[in-house]
Chemist: 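Quick one: structure below, then a few questions.
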Amino acid sequence: VQQVHATSGAFAAILSDGTVVTWGRSDCGGDSTAVQDQLRNVQQVHATNSAFAAILSNGTVVTWGYSCGGGDSTAVQDQVRNVQQVHATNSAFAAILSNGTVVTWGYSCGGGDSTAVQD
């Protein structure tokens with residue numbers, strides 16, 4: 001195990017081969033079976049209270065857990081490329097891209113809607 005990260009009810013561990021194992025409450029990210037085949041070459045994992053976001057070596061992001069807590073990034077999936085960093089509130093994620101832009105997703109009132117500060 002290289003790293004372990006936690007939501008309020010689950011854990012995600014990055015293994016030495018770059019894969020991820022999860023356990024705990026499924027509604028808090030403890031069940032990653034829906035994205036398990038995508039969790040390869042994982043560099044970092046970040047967590048809200050109920051979801052995880054993994055940065056892969058190719059600069060993309062894979063999310064799972066409670067959808068309203070950041071576990072569903074499908075609305076921004078085309079935008080989250082060349083991700084350098086991910087930060088989290090208790091219910092949203094923000095990704096900093098290599099060009100300096102920020103992409104957010106998750107609960108809008110928890111920071112998931114950054115349209116007010118976009119160019």
Side-chain angles (χ1 to χ4, degrees):
V1 174
Q2 301 294 314
Q3 298 176 32
V4 175
H5 298 275
T7 62
S8 63
F11 289 99
I14 302 175
L15 304 181
S16 58
D17 65 357
T19 60
V20 172
V21 294
T22 58
W23 65 97
R25 290 178 41 183
S26 61
D27 61 340
C28 289
D31 180 3
S32 58
T33 54
V35 295
Q36 196 63 49
D37 61 327
Q38 299 172 58
L39 294 173
R40 305 278 184 259
N41 302 308
V42 174
Q43 303 297 302
Q44 299 175 38
V45 170
H46 298 275
T48 63
N49 280 351
S50 56
F52 291 104
I55 302 175
L56 307 185
S57 62
N58 65 2
T60 61
V61 172
V62 176
T63 58
W64 69 97
Y66 182 55
S67 61
C68 293
D72 181 3
S73 58
T74 54
V76 296
Q77 201 61 50
D78 290 341
Q79 299 171 54
V80 284
R81 302 281 186 253
N82 302 309
V83 173
Q84 301 298 302
Q85 299 177 42
V86 169
H87 296 278
T89 65
N90 63 357
S91 57
F93 289 106
I96 301 173
L97 308 185
S98 61
N99 65 4
T101 60
V102 174
V103 177
T104 57
W105 67 95
Y107 183 54
S108 60
C109 293
D113 180 2
S114 59
T115 54
V117 295
Q118 299 296 319
D119 292 330

Chemist: Looking only at non-hydrogen atoms, find the nearest pair between T63 and G71 and report the distance.
Modeler: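 Closest approach of T63 to G71, heavy atoms only: OG1-O, 3.1 Å.
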Chemist: Using modelled atom types only, decide if a donor and an acceptor are shared between the side chain of Q77 and the backbone of V61 within a distance under 3.5 Å.
Modeler: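 The answer is yes, because a donor-acceptor pair under 3.5 Å joins these two groups.
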Chemist: Would you confirm whether T7, through its side chain, and C28, through its main-chain N or O, come within 3.5 Å as a donor-acceptor pair?
Modeler: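 Yes, the answer is positive, given that a donor and an acceptor are paired below the 3.5 Å cut-off.
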Chemist: So do Q43 and L56 actually touch side chain to side chain, heavy atoms under 4.5 Å?
Modeler: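 With C-beta onward as the side chain, the pair stays apart.
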Chemist: Locate the shortest heavy-atom distance separating T48 from A88; write the atom from each residue and the value.
Modeler: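 Of all heavy-atom pairs spanning T48 and A88, the closest is CG2-CB, 4.0 Å.
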Chemist: Any link between F11 and V20 through a network of hydrophobic side chains (Ile, Leu, Val, Met, Phe, Trp, Tyr) touching at under 4.5 Å?
Modeler: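 No, because F11 and V20 fall into different hydrophobic clusters, even though each may have its own neighbours under 4.5 Å.
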Chemist: In the structure I gave you, are the side-chain heavy atoms of I14 and V1 within less than 4.5 Å of one another anywhere?
Modeler: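 Not in contact.
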Chemist: What's the shortest heavy-atom distance between F93 and F52, and which atoms?
Modeler: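 Heavy atoms only, the tightest pair is CZ-C, 3.8 Å.
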Chemist: Please report the closest heavy-atom contact between A34 and Q38, naming both atoms and the distance.
Modeler: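 Taking every non-hydrogen atom into account, O-NE2, 4.3 Å.
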Chemist: Taking all heavy atoms of V21 and all of L15, pick out the closest pair and write down the distance.
Modeler: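 Heavy-atom minimum between the residues: CG1-CD1, 3.8 Å.
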Chemist: When you compare the side chain of I55 with that of H46, does any pair of heavy atoms fall below 4.5 Å?
Modeler: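 SC-SC contact between H46 and I55 confirmed.
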Chemist: Kindly indicate, with the supporting measurements, whether the criterion side chain to side chain contact (heavy atoms under 4.5 Å, CB included) is fulfilled by N41 and N58.
Modeler: CA-CA 8 Å; N41 302 308; N58 65 2; over 6 Å; no
Chemist: Which atoms form the tightest heavy-atom contact between S16 and Q2, and what is the distance?
Modeler: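 Reported closest heavy-atom pair: CB-NE2, 3.4 Å.
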Chemist: Do V80 and W105 come close enough that some side-chain heavy atom pair is under 4.5 Å?
Modeler: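 V80 reaches W105 side chain to side chain.
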